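Notes follow the structure.
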Amino acid sequence: MNSSHIKEVDGLRALAVISVIIFHFDRNSLPYGYLGVDVFFAISGYVITRSIIIQVNAGSFSLNTFFMRRMKRLFPALALMVVTSILLYAMLIPRNGGIKTGLAALFGVSNFALWIADQDYFGISTEWNPFTHTWSLGVEEQFYLVFPVLILALRQKHRRMGVVFASIGALSLIFYLFAWGQWPMSAFYLPAFRFWELLAGALIYLGHGGLRRFTDCRYRNVGLYAFMTMLVVTMFATGLAEEMATVLCIIWACTLLFLCSLTGRPNLVLCHPATQFIGRISYSLYLWHWPVAVFTKLALPNRWALIIYIFTTAGLAVASFFMIERPLRHMQWWLTREMALVTFPVVTTAVTGLVGLLWMARPMLFLGPAAMLESSALESSPCHIPGLDGLSKCLRDGAQNRAIWLLGDSHAGNFLLPLRMISTRMGWQLQHLTGRSLYLSLTDQCKSRDCPEGGIDDLLLRMAKVGKRGDIVILSFARDRLEVEPHVKDRFQASLDHFIDQATKMGFRIVLIEDIPKVCRNDGEYFSSIVRRDACVVDAGESRDGRRALSQIYATIAQHRKVTLIDIHDELCETVADRGLTCSNWKDGQLLYTDASPHLTSNTSLQLTNL
């Protein structure tokens, strides 16, 4: 096979990037459209193997030249996208997760950053991270670090090269299929579980010469149309398990790559000028489509978002390709003398410094209320999810006076500031321990990694040791937990009742605080309401209905236990003409919540002191 460019491969790139773009704007339109990324993996494996082997055979390959070409091809447009997105992120989104992923993307490790942060690719948290899509670039860049070295080590033994690639790919595939059910996040993000896809493309190039002997090139285009159809049908096949759909897409993609390698009449779809152009700018399209989707859905009404998404993505991709990607790809980088080991630290340090300056200017750049940027008292408290030894560290011994105990999940933390002021006024000690451990223990879901502070039995033992009769124990939990896990309702009620019974027998006075209004369905809706200067609004009755399961548990326990029940729900709502009592994330011009969960702003929390 000669070194001429294969137009049909650019056509496959176009199909892959279009499927990903459709999925990321509306997941229901193409349920498995994200598998276009997997098709890219197979294409990359094929193309990079072809390029390296042609150069090795010609005696012109060097690792420095290879890495410089990769850097020139990938880094400039990536750096521009990261800096631009960080600027918009600092202006519009009051979270820190995005900058960590963006910085990791500059170093080719954003897949590890998302994995360490336990960010589900299909979850709400990653939906508003403009750098989520860079995980796949990380996988490819990590593959590029080891693959050319492997080819050089095996260059004299072509047949052994195929055996080694097939063996590594088979192991990677086995690991992927096994890990998908056990550790899906690892299977999705980590390179060891993804290299089989790139190696599948590499094997197609290595084996295409032998396979051609068994192929009739006259039916090449028939095969291309058939397997393109199978690829698209698979992306719609919601009845397939995700891992099986992934394997099928790689099979179809590799078959298409083989057919593309055959000589024959140009394929009308893959070689169409429009398809070819999209394929050539596919990298820029992929880079820009996701941040554009994040920010357009955030800032624009749905009826305009799709139109703006399409035209903005296309415009930025074309500009990036012609003004950044293509010119810098062919330019001599004289400042670093075309030395990869010098170029990479220089350019990453420069861009990282620029990102750091933007982030330092975030308080001035942010367009929303300053309250959204505040570090809440709960987040900065060492006794919110304190980890091991949390019981002894946070529930302290030796107090001279009585104490107020604040226990529960992060929604109990909504009352930390007012209780801190009240306890100071009364001359009492405040004992505070919040996080996930108590809820998980009450629902019998505690594992050593989930409940480092211990379960309810450990907590009761600590209370017996350091508490005093007459101490007040305040408990509060988020409604969402029982909405997501309704099957644990009875278990939660029985365990909470037991906990209160034991604490009462020790002489503690128990206070249950009902959950506060939930007005925004998710963080995306919350962010949008701030950016668009409107509000999430819900009827007070509807909000109370949403916490009915939790309220019923509290009411049932209060009927037969000596418990004080406090409900400040309606205090956070206001009467609106023609609607009655309604709840929103604003009241009297003041932002009430810092997120959709919701958690109260410090100012709102302090105002509860007098209540």
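These numbers were taken from a predicted model, which means no experiment stands behind them.
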Margin query: With a sphere of 6.0 Å drawn around CZ of Phe311, does it hold more than 12 non-hydrogen atoms of other residues, nucleotides or ligands?
Written below: no
Notebook entry, point to check: Are side-chain N/O atoms of His289 and His24 paired as donor and acceptor at under 3.5 Å?
Noted result: yes
Notebook entry, point to check: Would you call the rings of Trp180 and Phe188 parallel, tilted or perpendicular, where under 30° means parallel and over 60° means perpendicular?
Noted result: tilted
Next item on the list: Test salt bridge (Lys or Arg N to Asp or Glu O under 4.0 Å) on Asp10 and Arg13 and set out the steps.
Entry: CA-CA 5 Å; Asp10 278 337; Arg13 286 194 177 105; 2.7 Å; yes
Item checked: Expected output: side-chain Ser51 to main-chain Ile48 donor-acceptor under 3.5 Å -> no
Check: Does NZ or CZ of Lys297 lie under 6.0 Å from the centre of the six-membered ring of Tyr309, at an angle within 45° of the ring axis?
Finding: no
Margin query: A quick test of your reading: do over 12 heavy atoms of other residues, nucleotides or ligands sit less than 6.0 Å from CZ of Arg265?
Written below: no
Note to self: Tell me the closest heavy-atom pair linking Ser136 and Tyr286, and the distance in Å.
What the structure shows: OG-OH, 2.8 Å
Note to self: Between Ser172 and Ile168 (side chain of the first, backbone of the second, donor and acceptor by atom type, cut-off under 3.5 Å), is there such a pair?
What the structure shows: no
Next item on the list: Would you please test Phe195 and Tyr176 for ring-ring contact (aromatic ring centres under 6.0 Å, His included) and show each step?
Entry: CA-CA 10 Å; Phe195 278 1; Tyr176 170 79; over 10 Å; no
Note to self: Would the distance check show the side chain of Tyr89 and the main-chain N or O of Pro130 forming a donor-acceptor pair, the cut-off being under 3.5 Å?
What the structure shows: no
Item checked: Any donor-acceptor pair under 3.5 Å from Ser85 side chain to Pro291 backbone -> no
Note to self: I'd like to know whether CE of Met323 has more than 12 heavy-atom contacts from other residues, nucleotides or ligands below 6.0 angstrom.
What the structure shows: no
Item checked: Donor-acceptor contact below 3.5 Å, side chain Gln276 vs main chain Leu270 -> yes
Notebook entry, point to check: In this structure, are over 12 heavy atoms from other groups packed under 6.0 Å from Trp115 atom CH2?
Noted result: no
Checklist line | Under 3.5 Å: donor-acceptor pair, side chain of Tyr121, backbone of Tyr189 | finding: no
Check: Can you name the closest pair of heavy atoms from Cys254 and Gly201 and give their distance?
Finding: SG-N, 4.0 Å
Next item on the list: Would you check, one step at a time, whether the test ring-ring contact (aromatic ring centres under 6.0 Å, His included) holds for Trp183 with Phe178?
Entry: CA-CA 9 Å; Trp183 310 290; Phe178 174 76; 5.8 Å; yes
Check: Are the ring centres of Tyr439 and Phe492 closer than 6.0 Å?
Finding: yes
Margin query: I need the minimum non-hydrogen distance between Glu8 and Asn267, along with the two atoms involved.
Written below: OE2-N, 3.4 Å
Check: Going by atom types alone, do Glu127 and Asn522 pair a side-chain donor with an acceptor below 3.5 Å?
Finding: no
Check: For atom NZ of Lys7, is the number of surrounding heavy atoms from other residues, nucleotides or ligands below 6.0 Å larger than 12?
Finding: no
Next item on the list: Can you label the angle between the His411 ring and the His599 ring as parallel, tilted or perpendicular, going by 30° and 60°?
Entry: perpendicular
Check: Sequence neighbours excluded, which residues qualify as side chain to side chain contact (heavy atoms under 4.5 Å, CB included) partners of Phe175?
Finding: Leu171, Phe193
Next item on the list: Report yes or no: does Ser110 contribute a side-chain atom to a donor-acceptor pair with the main-chain N or O of Gly138 at less than 3.5 Å?
Entry: no
Check: Between Arg548 and Asp545, is there a salt bridge with N-O shorter than 4.0 Å?
Finding: yes
Item checked: Ring-ring centroid check Phe41 Phe143, cutoff 6.0 Å -> no
Next item on the list: Taking all heavy atoms of Leu35 and all of Met235, pick out the closest pair and write down the distance.
Entry: C-CE, 4.1 Å
Notebook entry, point to check: For Glu141 and Arg70, what are the C-alpha separation, side-chain angles and deciding distance, and is it a side-chain contact (heavy atoms from CB on, under 4.5 Å)?
Noted result: CA-CA 9 Å; Glu141 288 161 19; Arg70 292 296 93 203; over 6 Å; no
Notebook entry, point to check: Can the ring centroids of Tyr46 and Phe258 be said to lie less than 6.0 angstrom from one another?
Noted result: no
Notebook entry, point to check: Has Arg27 got more than 12 heavy atoms of other residues, nucleotides or ligands less than 6.0 Å from its CZ?
Noted result: yes
Checklist line | Lys587 atom NZ: more than 12 heavy-atom contacts under 6.0 Å | finding: yes
Next item on the list: Check Tyr283 against Glu325 and note the closest heavy-atom contact, atom names and distance.
Entry: CD2-OE1, 3.8 Å
Item checked: Check: Val538 and Lys518 side chains under 4.5 Å, non-hydrogen atoms -> no
